[in-house]
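Each chain gets a letter, A, B and so on, in the order its sequence line appears, and its residues count up from 1.
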2 protein chains.
Amino acid sequence: MTAQRSGCPINLTLETLGDRWSLIVIRDIMFGNRRHFRELHGASDEGIASNILADRLKRLVEADLLSRAEDPSHKQKAIYSLTEKAIQLVPLLVQMGAWGRRHLPVSREMSVRQELLEEGGPALWDAFMDELRTLHLGVPAKGPSVLARLRQAYEEALAEKG
Amino acid sequence: MTAQRSGCPINLTLETLGDRWSLIVIRDIMFGNRRHFRELHGASDEGIASNILADRLKRLVEADLLSRAEDPSHKQKAIYSLTEKAIQLVPLLVQMGAWGRRHLPVSREMSVRQELLEEGGPALWDAFMDELRTLHLGVPAKGPSVLARLRQAYEEALAEKG
DNA sequence: CCTATCTGCTTGCACTTTGCAACTGGTTGC
DNA sequence: GCAACCAGTTGCAAAGTGCAAGCAGATAGG
């Protein structure tokens with residue numbers, strides 16, 4: 001990434017997240033709960049290259065959007081978690097999804113989750129963020145799982161598709 | 001830009017807008033009301049190169065985010081306007097600004113406008129979008145100018161700064 | 001008229017980033 | 001001890017970015 005261009009909030013956000021992969025990685029960790037390198041590499045529909053994934057993970061950890069921990073069950077496994085800073089991207093990602101859903105040729109099964117999040121409004125986003133804090137920061141759970149609801153809607157849409 | 005990767009709304013939005021300059025151009029047209037090539041080239045704090053600006057304008061017109069019209073007062077002047085599709089990016093840009101303001105080293109004078117938009121909430125965003133429709137799509141005005149309010153706040157912050 | 005300036009770009013070139021495929025050194029389960 | 005798995009790395013070609021200079025046509029002033 002280039003050196004700092006200006007103190008404009010939109011520009012700075014773009015400097016941090018404005019490339020084709022950073023937010024895809026965050027999306028997969030956030031909505032797909034993928035926490036290991038191999039999961040992120042193999043499972044995303046977009047097929048990120050391993051060198052780019054490695055680079056993005058490194059940058060995101062440096063930018064304090066992800067944290068990296070070792071898995072006690074396996075000496076080579078790394079667990080990537082969202083930081084609070086990344087969890088606060090939820091409203092931004094929802095807006096991105098909302099705009100894409102309205103204006104771009106999205107597929108049904110990839111947008112049911114977005115639809116739920118849009119309909120739920122800020123209250124649902126907050127509940128989702130609390131759940132992410134439980135999952136990634138170890139904060140005790142507060143309410144029922146939003147992620148489970150999203151996953152269920154996605155799987156139903158997949159089943160309908162055939 | 002690469003060929004289509006997946007039907008995910010977030011991914012498609014990223015494919016359309018996920019580079020370092022597209023949203024900067026839209027921001028300058030939207031908040032700075034810059035409508036000509038030279039205005040966009042010279043005035044932004046980030047200093048976009050003219051070839052990249054030309055390329056982005058072309059892509060954005062092709063993506064139906066901008067429209068290009070000739071200026072009747074000057075046969076070589078082109079006027080760029082936001083389309084409805086681009087006007088609907090307002091909530092996304094506000095969220096980007098909000099996140100940047102909270103987590104990145106923004107400057108005061110570049111963030112007063114964002115602050116107003118955040119405080120105003122969805123009602124103010126709607127009023128702003130209506131004003132953009134008046135300015136860019138020729139829809140008759142509905143209410144008092146949000147852009148004027150934002151500009152005033154920015155100029156006050158600049159004056160305070162010295 | 002003639003010239004200086006302004007218009008939206010284009011060109012050439014160096015540099016950086018991306019994308020693909022194969023590969024690495026180490027770990028684990030059987 | 002061996003196959004499968006782990007998080008990456010390496011080499012290389014292609015694409016994208018950034019800078020400086022330049023361009024033809026249009027306009028404004030004298």
Side-chain angles (χ1 to χ4, degrees), chain A residues 1-6 11 14-26 28-29 32-63 66-81, chain B residues 1-6 11 14-26 28-29 32-63 66-81:
Chain A
M1 320 261 167
T2 327
Q4 186 158 329
R5 300 187 298 196
S6 89
N11 173 58
L14 236 28
E15 283 180 27
T16 310
L17 300 165
D19 73 277
R20 286 243 203 324
W21 292 110
S22 298
L23 281 176
I24 294 284
V25 172
I26 290 175
D28 284 348
I29 299 178
N33 201 35
R34 314 195 189 288
R35 310 293 292 272
H36 306 293
F37 189 96
R38 279 297 217 268
E39 281 177 348
L40 287 162
H41 182 218
S44 100
D45 285 335
E46 289 87 10
I48 188 171
S50 61
N51 54 348
I52 298 182
L53 175 58
D55 180 73
R56 287 306 177 278
L57 287 170
K58 208 177 79 183
R59 286 190 196 184
L60 289 171
V61 168
E62 279 167 9
L66 298 180
S67 66
R68 185 188 192 281
E70 307 206 336
D71 188 329
S73 77
H74 189 305
K75 286 194 178 169
Q76 268 182 326
K77 259 185 176 170
I79 303 181
Y80 290 95
S81 301
Chain B
M1 317 261 168
T2 326
Q4 183 158 331
R5 301 185 298 196
S6 89
N11 173 58
L14 236 29
E15 284 181 27
T16 309
L17 300 165
D19 73 276
R20 289 247 157 34
W21 291 111
S22 297
L23 280 176
I24 294 284
V25 171
I26 289 174
D28 284 347
I29 299 179
N33 201 34
R34 312 196 190 288
R35 309 293 291 272
H36 306 293
F37 189 96
R38 283 292 221 268
E39 279 178 349
L40 285 162
H41 182 216
S44 100
D45 285 335
E46 290 89 8
I48 188 171
S50 61
N51 53 349
I52 297 183
L53 175 57
D55 180 71
R56 288 305 177 280
L57 287 170
K58 209 177 76 182
R59 286 188 195 185
L60 290 171
V61 168
E62 278 167 9
L66 298 180
S67 66
R68 185 187 191 281
E70 307 206 336
D71 188 329
S73 78
H74 190 305
K75 288 195 178 170
Q76 270 184 326
K77 260 186 175 169
I79 303 180
Y80 290 95
S81 301

Gap between atoms [atom1] and [atom2], on [X] and [N] respectively (whole Å):
X	N	atom1	atom2	value
Leu40(B)	dG8(C)	CG	P	9 Å
Lys77(A)	dA7(D)	NZ	P	7 Å
Asp19(A)	dT18(C)	CG	P	6 Å
Arg20(B)	dT17(C)	CZ	C1'	10 Å
Arg68(A)	dA7(D)	CZ	C1'	7 Å
Tyr80(B)	dT7(C)	OH	C1'	11 Å
Ile48(A)	dA7(D)	CD1	P	14 Å
His41(A)	dC20(C)	NE2	P	10 Å

Distance check, rounded to the nearest 0.5 Å: Arg59(B) atom CZ versus Ile52(B) atom CD1?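 Nearest 0.5 Å value for the CZ-CD1 distance: 10.0 Å.
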Using a distance-only test with no angle check, is there a side-chain donor-acceptor pair under 3.5 angstrom linking Tyr80(B) and Arg35(B)?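 No, because no side-chain N or O of Tyr80(B) sits under 3.5 Å from a partner of the opposite role on Arg35(B).
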Does Ile48(A) form a side chain to side chain contact (heavy atoms under 4.5 Å, CB included) with Asp28(A)? I'd like the steps, not just the answer. CA-CA 11 Å; Ile48(A) 188 171; Asp28(A) 284 348; over 6 Å; no
Kindly point out which of [options] is positioned nearest to the side chain of [X]?
X	options	value
Asn51(B)	dG8(C), dT17(D), dG12(C)	dG12(C)
Ala78(A)	dC19(D), dG19(C), dA7(D)	dA7(D)
His36(A)	dA7(D), dT17(D), dT10(C)	dA7(D)

Is any N or O donor-acceptor pair between the side chain of Gln76(A) and the base of dG26(C) shorter than 3.5 Å?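 Answer yes: a donor N or O sits under 3.5 Å from an acceptor.
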Return whichever of Arg35(B) or Ser73(A) has its heavy-atom-nearest nucleotide of DNA chain C closer to the 5' end.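 The 5'-side residue here is Arg35(B).
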DNA chain C: His74(A) or Ser50(B), which has the more 5' nearest nucleotide?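 Of the two residues, Ser50(B) wins.
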At less than 4.0 Å, is any side-chain N or O atom of Trp21(B) found next to OP1 or OP2 of dG16(D)? Yes or no.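 Answer no for this pair, as no side-chain N or O of Trp21(B) is under 4.0 Å from OP1 or OP2.
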DNA chain D: Arg38(B) or Gly47(B), which has the more 5' nearest nucleotide?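 Checking each residue's closest nucleotide, the 5'-ward one belongs to Gly47(B).
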Does any part of the side chain of Asp19(A), heavy atoms only, come nearer than 4.5 Å to the side chain of Arg56(A), both counted from C-beta?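 In short, these two side chains touch, coming nearer than 4.5 Å.
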Testing the basics here: between Ala78(A) and His36(A), what is the closest heavy-atom pair and its distance to 0.1 Å?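 It is O-ND1, 3.0 Å.
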